[in-house]
Enquirer: 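Following this message is one structure expressed as structure tokens.
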Amino acid sequence: MDIFNSLIHHWYSLYKRNLPWRDTRNPYYIWLSEIILQQTRIEQGRAYYMSFIGEFPTISDLANASEDKVLKLWQGLGYYSRARNLHFTARYIAEHFNGKFPEEYRLILSLKGIGEYTAAAISSISFNQEYPAVDGNVYRVLSRFYGISDPIDTSAGKKIFVKLGAELIKGTDPGMHNQALMEFGALQCTPQKPDCLRCPLHERCYAFANKKVADLPVKLKKTTQRHRYFNYFDISHGDSVWLKKRVEKDIWKNLFEFPMIETSVATGFEELMAMSEVNQLMDADNLVVEKITDWKIHLLTHQKINYRIIKVSLLQEKEMPVELIRVNKKDIFNFAVPKLLETYLIRNIENG
DNA sequence: AAGACGTGGGT
DNA sequence: TACCCAAGTCT
């Protein structure tokens, strides 16, 4: 028996957390939990998992829901393509597999939103198949313990880790093994300042012996940030406000937001109001500017969104552009919106 | 195959 | 502050 495996498995039997998706093998629930947990901390995803299984207990329930409703439930979690793909795939399974989640790895992998990691996680946890689920935790544990300095963010490097993972999972209880490795990475072999002195593997760990713990795993890519400037208009008339759905291939696709003019710099207010885009939205002589927020910053991994919200009220109701949706203020919280807008709405809309 | 895609917590 | 990173996938 491999000593690495037996140490990890024993550690897991002692320290594994009790998590809501740990007491089921239902592939739908495992799938849902894996999608929610992608690039997301457990404590952030946990409540979303509970509300999703509460709202959509079966794949058919999810398939029968509207995408708007799914996105609303996903609001605040980020990476919204996960929700769109989850919903798409639920409908695909309902239509092509009679609502029953497929068991064959290749088939699972072909589903939209399911990549190599997630397919392995579902196959192993739900169907006892020996596919290594190599996530960020596992890269870290393997690179440190075995002293592998190949970068984890290139396809060549990933192959090396997946190959090692495939060797290690042979002859184990695959679901337990994969979860043990990930849990060990999440709790014991942490990214920053792991408590190596209390680690049951430290006597055999390459990184510990060679003082390379802080240097492994190796990552190459640095993210660059792009600056954007969003001028939002909180337009109201009586109980009505207007929203617009983001349909472009861009951040927050299929979420709603206030009508907005994006500028390339932090345009001054007078200059902004003189722009033709603004005039297409509203007549300058038909509005009262109530309030202008300062420029605020909303940080994304690849973007720095500078935004402000200009609150105006219309003197007379006029025909608005067709893409705008008229919403009664009391219904506004039914729409899925980006976090920055949610924060604004909570602070500024009197929710009767 | 490099870059895009959200949000929040930690240092 | 700025940066890293968290159960990745898609294009």
Side-chain angles (χ1 to χ4, degrees), chain A residues 16-17 19-22 29-49 71 74-86 88-89 108-122 124-125 131-141 151-159 161-162 165 175 177-187 189-194 214 217-226 228 246 248-255 257 297-305 336-343:
Chain A
K16 70 171 172 181
R17 288 169 290 185
L19 299 172
W21 45 87
R22 285 256 163 88
Y29 293 150
I30 300 303
W31 169 42
L32 176 62
S33 71
E34 293 300 341
I35 300 300
I36 287 175
L37 264 24
Q38 286 170 10
Q39 303 290 285
T40 303
R41 287 167 204 282
I42 283 180
E43 285 321 311
Q44 194 193 358
R46 186 175 204 138
Y48 287 85
Y49 174 82
L71 283 170
W74 199 272
Q75 177 180 305
L77 240 202
Y79 285 157
Y80 297 94
S81 66
R82 293 182 293 169
R84 299 192 304 268
N85 289 336
L86 182 76
F88 177 93
T89 294
I108 297 173
L109 183 61
S110 74
L111 299 172
K112 195 171 285 190
I114 297 183
E116 192 173 13
Y117 161 77
T118 303
I122 298 169
S124 61
I125 297 170
Y131 291 94
V134 183
D135 74 337
N137 291 308
V138 178
Y139 286 125
R140 188 168 57 252
V141 173
I152 63 170
D153 54 356
T154 66
S155 43
K158 284 176 185 168
K159 277 184 189 166
F161 288 93
V162 171
H177 172 83
N178 277 334
Q179 293 185 82
L181 218 37
M182 291 190 279
E183 189 83 332
F184 182 81
L187 298 182
C189 195
T190 53
Q192 264 90 40
K193 296 197 273 185
V218 173
K219 249 188 203 177
L220 262 31
K221 293 165 189 160
K222 301 263 179 285
T223 61
T224 58
Q225 266 195 342
R226 150 185 185 218
R228 303 176 75 175
R246 291 182 65 91
E248 311 80 29
K249 181 175 151 55
D250 194 357
I251 54 169
W252 304 324
K253 186 178 175 194
N254 290 2
L255 271 64
E257 64 183 4
I297 290 172
H298 184 80
L299 241 34
L300 283 65
T301 306
H302 289 86
Q303 299 185 26
K304 189 171 182 172
I305 309 283
V337 298
K339 192 67 186 178
L340 67 86
L341 188 52
E342 184 194 10
T343 303

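Letters go in sequence order (proteins before strands), and every chain restarts at 1.
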Enquirer: Please work out if A:A133 contacts a base, only the sugar-phosphate, or nothing of the nucleic acid, heavy-atom cut-off 4.0 Å.
Expert: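 Contact class for A:A133: none.
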Enquirer: Kindly determine whether A:I35 and A:W74 satisfy side-chain contact (heavy atoms from CB on, under 4.5 Å), including the steps that lead there.
Expert: CA-CA 11 Å; A:I35 300 300; A:W74 199 272; 3.8 Å; yes
Enquirer: Atom CD of residue position A:E116 - does it have more than 12 heavy atoms of other residues, nucleotides or ligands inside 6.0 Å?
Expert: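 No, not enclosed.
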Enquirer: Short question: side chain of A:K221, backbone of A:D153 - any donor-acceptor pair under 3.5 Å?
Expert: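 Present.
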Enquirer: What's the CZ-P distance between A:F88 and C:dT11, to the nearest Å?
Expert: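 Checked: the CZ to P distance equals 10 Å.
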Enquirer: Could one point to a donor on the side chain of A:T301 or the base of B:dG6 with an acceptor on the other under 3.5 Å away?
Expert: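 It does, because a donor-acceptor pair links the side chain of A:T301 to the base of B:dG6 below 3.5 Å.
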Enquirer: Please tell me which of A:K304 and A:V134 maps to the more 5' nucleotide of DNA chain C, matching each residue to the nucleotide holding its nearest heavy atom.
Expert: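 Comparing both residues, the 5'-ward one is A:K304.
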Enquirer: Quick check on B:dT7: is either OP1 or OP2 less than 4.0 Å from any side-chain nitrogen or oxygen of A:Y80?
Expert: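 For B:dT7, OP1/OP2 do have a side-chain N/O of A:Y80 under 4.0 Å.
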Enquirer: Can a side chain N or O of A:Q39 be found less than 4.0 Å away from OP1 or OP2 on C:dG8?
Expert: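 So the side chain of A:Q39 is within the cut-off, an N or O lying under 4.0 Å from OP1 or OP2 of C:dG8.
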Enquirer: Is a donor on one side and an acceptor on the other found under 3.5 Å between the side chain of A:N178 and the backbone of A:Y131?
Expert: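 Side chain of A:N178 to backbone of A:Y131: a pair is present.
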Enquirer: Reckon A:I251 touches a base, only the sugar-phosphate, or nothing at all at heavy-atom distances under 4.0 Å?
Expert: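 Contact class for A:I251: sugar-phosphate only.
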Enquirer: Select one nucleotide: of C:dA7, B:dA1, C:dT9, the one nearest the side-chain heavy atoms of A:K158.
Expert: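 Side chain of A:K158 sits closest to C:dT9.
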Enquirer: Does B:dC5 have OP1 or OP2 sitting under 4.0 Å from an N or O in the side chain of A:H302?
Expert: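 Checking B:dC5 against A:H302, no side-chain N or O comes under 4.0 Å of OP1 or OP2.
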Enquirer: Kindly say if A:H298 contacts the phosphate of B:dG6, meaning a side-chain N or O under 4.0 Å from OP1 or OP2.
Expert: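 So the side chain of A:H298 is outside the cut-off, no N or O lying under 4.0 Å from OP1 or OP2 of B:dG6.
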Enquirer: Are the side chain of A:Q75 and the backbone N or O of A:V337 linked by a donor-acceptor pair below 3.5 Å?
Expert: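 It does hold such a pair.
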Enquirer: Among C:dT9, B:dG6, C:dA7, which is the nearest nucleotide to the side chain of A:T118?
Expert: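 Comparing C:dT9, B:dG6, C:dA7 against the side chain of A:T118, the answer is C:dT9.
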Enquirer: May I ask you to say what A:W21 touches in the nucleic acid, namely base, sugar-phosphate or nothing, with a heavy-atom cut-off under 4.0 Å?
Expert: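 Touches a base.
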Enquirer: What I want to check is whether an N or O donor and acceptor connect the side chain of A:R82 with the base of B:dC5 at under 3.5 Å.
Expert: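 Looking at the base of B:dC5, it does not pair with any donor or acceptor on the side chain of A:R82 (distance under 3.5 Å).
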Enquirer: Determine the contact category for A:Q179: base if any of its heavy atoms lies under 4.0 Å from a base atom, sugar-phosphate if only primed atoms, P, OP1 or OP2 are that close, otherwise nothing.
Expert: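 Touches nothing.
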Enquirer: Considering only side-chain heavy atoms of A:W252, which listed nucleotide, C:dC5, C:dT11, B:dG6, is closest?
Expert: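 Out of C:dC5, C:dT11, B:dG6, the nucleotide with an atom closest to A:W252's side chain is B:dG6.
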Enquirer: Compute whether any side-chain donor of one residue and acceptor of the other, for A:R82 and A:Q39, lie under 3.5 angstrom apart.
Expert: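 Not at all, the side chains of A:R82 and A:Q39 share no donor-acceptor pair under 3.5 Å.
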Enquirer: Over all strands shown, is A:R140 touching base, sugar-phosphate only, or nothing at heavy-atom distances under 4.0 angstrom?
Expert: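 The residue A:R140 makes sugar-phosphate contact but no base contact.
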Enquirer: So what does A:L19 touch, heavy atoms closer than 4.0 Å: a base, only the sugar-phosphate, or nothing?
Expert: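 Base contact.
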Enquirer: Applying a 4.0 Å non-hydrogen cut-off, can you work out what A:L77 is touching in the nucleic acid: base, sugar-phosphate, or nothing?
Expert: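 Base contact.
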Enquirer: P atom, C:dC4 versus B:dA4: distance in rounded Å?
Expert: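 Their P atoms lie roughly 16 Å apart.
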Enquirer: Once you apply a heavy-atom cut-off of 4.0 Å, does A:I35 come out as touching a base, just sugar-phosphate, or nothing?
Expert: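 Nothing: the residue A:I35, judged by heavy atoms under 4.0 Å, touches no strand.
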Enquirer: Regarding A:K112, tell me which of base, sugar-phosphate or nothing describes its non-hydrogen contacts under 4.0 Å with the strands shown.
Expert: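 The residue A:K112 makes sugar-phosphate contact but no base contact.
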Enquirer: Pick base, sugar-phosphate or nothing for A:T154, based on heavy-atom distances below 4.0 Å to the nucleic acid.
Expert: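 A:T154: no heavy atom of the nucleic acid under 4.0 Å.
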Enquirer: Students often get this wrong, so: under 4.0 angstrom with heavy atoms, is A:R228 touching a base, only sugar-phosphate, or nothing?
Expert: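 Answer is nothing: A:R228 stays at 4.0 Å or more from every strand.
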Enquirer: Between B:dG3 and C:dA7, how many Å separate the two C1' atoms, rounded to a whole number?
Expert: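 The answer is 22 Å between these two C1' atoms.
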Enquirer: With heavy atoms under 4.0 Å as the rule, sort A:D250 into base, sugar-phosphate or nothing.
Expert: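 If one applies the 4.0 Å heavy-atom cut-off, A:D250 turns out to touch the sugar-phosphate alone, with no base involved.
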Enquirer: Of all the nucleotides listed (B:dG9, B:dC5, B:dG6), which has the minimum atom distance to the side chain of A:R41?
Expert: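 Per side-chain heavy atoms of A:R41, the pick is B:dG9.
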Enquirer: Among B:dC5, B:dT7, C:dT9, which is the nearest nucleotide to the side chain of A:Y79?
Expert: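 In terms of side-chain proximity for A:Y79, the closest of B:dC5, B:dT7, C:dT9 is B:dC5.
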Enquirer: Heavy atoms from C-beta onward define the side chain here; which of C:dT9, B:dC5, C:dA7 lies closest to that of A:Q303?
Expert: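 It is B:dC5.
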Enquirer: Before you tell me yes or no, could you show the steps for A:F161 and A:V138 under side-chain contact (heavy atoms from CB on, under 4.5 Å), namely the whole-Å CA-CA distance, both residues' side-chain angles and the distance that decides it to 0.1 Å?
Expert: CA-CA 8 Å; A:F161 288 93; A:V138 178; over 6 Å; no
Enquirer: So what does A:G185 hit on the nucleic acid, given a heavy-atom distance under 4.0 Å: a base, only sugar-phosphate, or nothing?
Expert: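 Since no nucleic acid heavy atom lies under 4.0 Å of A:G185, the category is nothing.
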Enquirer: Check whether any side-chain N or O of A:K339 sits under 4.0 Å from OP1 or OP2 of B:dG8, and answer yes or no.
Expert: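 It does, given that an N or O in the side chain of A:K339 lies less than 4.0 Å from OP1 or OP2 of B:dG8.
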